[in-house]
Protein chains: 2
Amino acid sequence: MYVTIPTEYANTKPQSQSVPVARLSAEKLLHTKSHLFFEGDRVDWLYQVKSGVVRLTRLLEDGRRAVIAFGYPGDIIGFPSNGNHHTDCEALTETRLQPYSLTHLEDGASDPELHSELLQAALREISAMQDHFMMLGRKTATEKVASFLCTLAERVGEDLGCYKQFAVPMSRSDIADFLGLTTETVSRTLTQMRKSKIIAIESVHTIVVMRPTALLGLSSGQN
Amino acid sequence: MYVTIPTEYANTKPQSQSVPVARLSAEKLLHTKSHLFFEGDRVDWLYQVKSGVVRLTRLLEDGRRAVIAFGYPGDIIGFPSNGNHHTDCEALTETRLQPYSLTHLEDGASDPELHSELLQAALREISAMQDHFMMLGRKTATEKVASFLCTLAERVGEDLGCYKQFAVPMSRSDIADFLGLTTETVSRTLTQMRKSKIIAIESVHTIVVMRPTALLGLSSGQN
DNA sequence: CGGGTTCTTGACTATCTTCAACGAAAGTGG
DNA sequence: CCACTTTCGTTGAAGATAGTCAAGAACCCG
């Protein structure tokens, strides 16, 4: 999941990724904090997240980290490059995954339809990543955090009357590394939004959006 | 073309993208500053750059801009998302392009091999974009500019004895929007590198790398 | 040649980071 | 189950990196 530039709150097309048809393996269970794969590992399977949340990260030699994406239900993860994984993948919650055999997927001749699905998934991924470039390169801290919350609210928020509540399974530093900020800045920004009654911080890992329109405004710089 | 994290100078595998086999249309010529497509246009063709350089951009309503990528010879551009272009594309120099019919490409059944090539190109694209996330989110201005120059040198630099020279067809603000900086910061950073004799600025749009190792050092933060 | 754009440079400012301390939460072992 | 340790989150103060504003120089293009 990438945080994009929401143009209208709660208006995105349902994230119902077309589900590849031929399941070649049973569901896989991944426990919180366990790894699905590491950077450099050979890619044998792609996975579609069925429930739970995973985190994809890359590291720099000196320890700086980038969170490339969060994998939410419906997302397909594990795209190879030169046959290898280019990120680490760790579960943030108990996660169920549907594996798909890569050899079978990549061989277009054997199953053209499945192959097309894979290509479509890759193209969606590219598009989502392009949105994220704008975020990383051109948005302020407040805009970044607001965009992030909007996306979470839209994607997994549950209605609470006129409010929307959602879980935030990732740590502050996961969020920071995803948005290109520090944990302190993320924390401060959230506090500020809480003080201006735009959000409520139910618990550290649960947020309620009190004023969706105001949050959306922050996300696009109209403050 | 994305600027990645060079691990060893002049050590990247040749950018020889596998060339799709079935050419369905004659080469297309694009003049400097003319557009190949705009964001929102329906995608009918993909293009492989044969010569020249193009620039892919996205805009925010308030005018902020992100340069998503520069398209150099060998690169494939125009990947659709929901059938539409998600960036504008403009030629920075006279450019020759080989078009490929999308309908033909996407229909895996009709030409499995071509379809596979397309998927591979998309996967390479995803990998390159992931590298760029680290750049945008976690690198300093100097590291960004140095990485950018390293990539250009590697990709299109011509040997001049022990130096490497290359053209910089994009403007300072193109570079800035690619790296998530301002034109002033790009300009200042280049000036600084020139003063420390790491590069020479032949002309505004031509750079010579005098001390490749030093430049590579800057790109990964060892300064 | 002249007008407009692009690039460079300077001075100042703001945003975000860094460093540090503290409190809260979660994990561990007796 | 409780005490202890460790990690995580929040907050504050100070500092630095990059941005903004502004002006002049260089470059292009007709």
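In what follows, chains are A, B, ... by sequence order, proteins preceding strands, each numbered from 1.
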Taking only nitrogen or oxygen atoms into account, show me every contact under 3.5 Å that the protein makes with nucleotides 1-5 of chain C, one pair per line with its distance.
none

| Asp75(B) bridged to Arg155(B) by N-O distance under 4.0 Å | yes
| Evaluation steps, side chain to side chain contact (heavy atoms under 4.5 Å, CB included), between Met210(B) and Leu215(B) | CA-CA 9 Å; Met210(B) 314 294 284; Leu215(B) 188 63; over 6 Å; no
| End-to-end bend of the helix from dC1(C)-dG30(D) to dG30(C)-dC1(D) (five-pair axes, 10° rounding)? | 60°
| query | Taking the six-membered ring for Trp, are Phe148(B) and Phe70(B) parallel (under 30°), tilted (30 to 60°) or perpendicular (over 60°)? | reply | tilted
| Residues Glu94(A) and His31(A): side-chain donor-acceptor under 3.5 angstrom | yes
| message | Counting C-beta onward and ignoring hydrogens, is there a side-chain heavy-atom pair between Leu149(B) and Ile198(B) closer than 4.5 Å? | response | no
Which atom pairs link the protein and nucleotides 11-14 of chain D when you take only N or O atoms and keep those under 3.5 Å?
{"unit_1": "dT11(D)", "atom_1": "OP2", "unit_2": "Thr191(A)", "atom_2": "OG1", "d": "2.5"}
{"unit_1": "dG12(D)", "atom_1": "N7", "unit_2": "Arg188(A)", "atom_2": "NH1", "d": "2.8"}
{"unit_1": "dG12(D)", "atom_1": "O6", "unit_2": "Arg188(A)", "atom_2": "NH2", "d": "3.3"}

| query | When the distance from CG of Leu181(B) to C1' of dT15(C) is rounded to whole Å, what number comes out? | reply | 15 Å
| message | Do Glu90(A) and His35(A) pair up side chain to side chain, a donor and an acceptor below 3.5 Å, judged on atom types alone? | response | yes
| What does Leu190(A) touch in the nucleic acid at a heavy-atom separation under 4.0 angstrom: a base, only the sugar-phosphate, or nothing? | nothing
| How many Å lie between CD on Gln192(B) and C1' on dT9(C), as a whole number? | 13 Å
| query | Can you tell me how far C1' of dG9(D) sits from CE of Met170(A), to the nearest Å? | reply | 16 Å
| said: Does dC8(D) have OP1 or OP2 under 4.0 Å away from a side-chain N or O of Ser171(A)? | reply: no
| field | Nearest-Å distance for atom pair CD1/P, residues Ile201(B) and dC27(D) | value | 12 Å
| message | With salt bridge (Lys or Arg N to Asp or Glu O under 4.0 Å) as the test, pick out the partner of Asp177(B) among Arg65(B), Arg55(B), Lys144(B). | response | Arg65(B)
| message | Tell me if the centroids of the rings in Phe178(B) and His132(B) come within less than 6.0 Å of each other. | response | yes
| task | Nearest whole angstrom, please: distance from the C1' of dT20(D) to the CZ of Arg64(B). | result | 15 Å
| field | dC7(C) phosphate, OP1 or OP2, under 4.0 Å from His205(B) side-chain N/O | value | yes
| note | Shortest non-hydrogen pair, Gly71(B) vs Ile77(B), comes out as CA-CG2, 4.5 Å
| note | To the nearest angstrom, the CG-P distance between Leu179(A) and dT17(C) comes to 11 Å
| Quick one: Arg138(A) CZ to dT15(C) P, roughly how many Å, whole number? | 16 Å
| said: How many whole angstroms separate atom CZ of Arg172(B) from atom P of dT8(C)? | reply: 4 Å
| message | Is any side-chain heavy atom of Val67(B) closer than 4.5 Å to one of Phe133(A)? | response | no
| said: Can a donor-acceptor pair be found, under 3.5 Å and without considering hydrogens, that links the side chain of Asn82(B) to the backbone of Asn84(B)? | reply: no
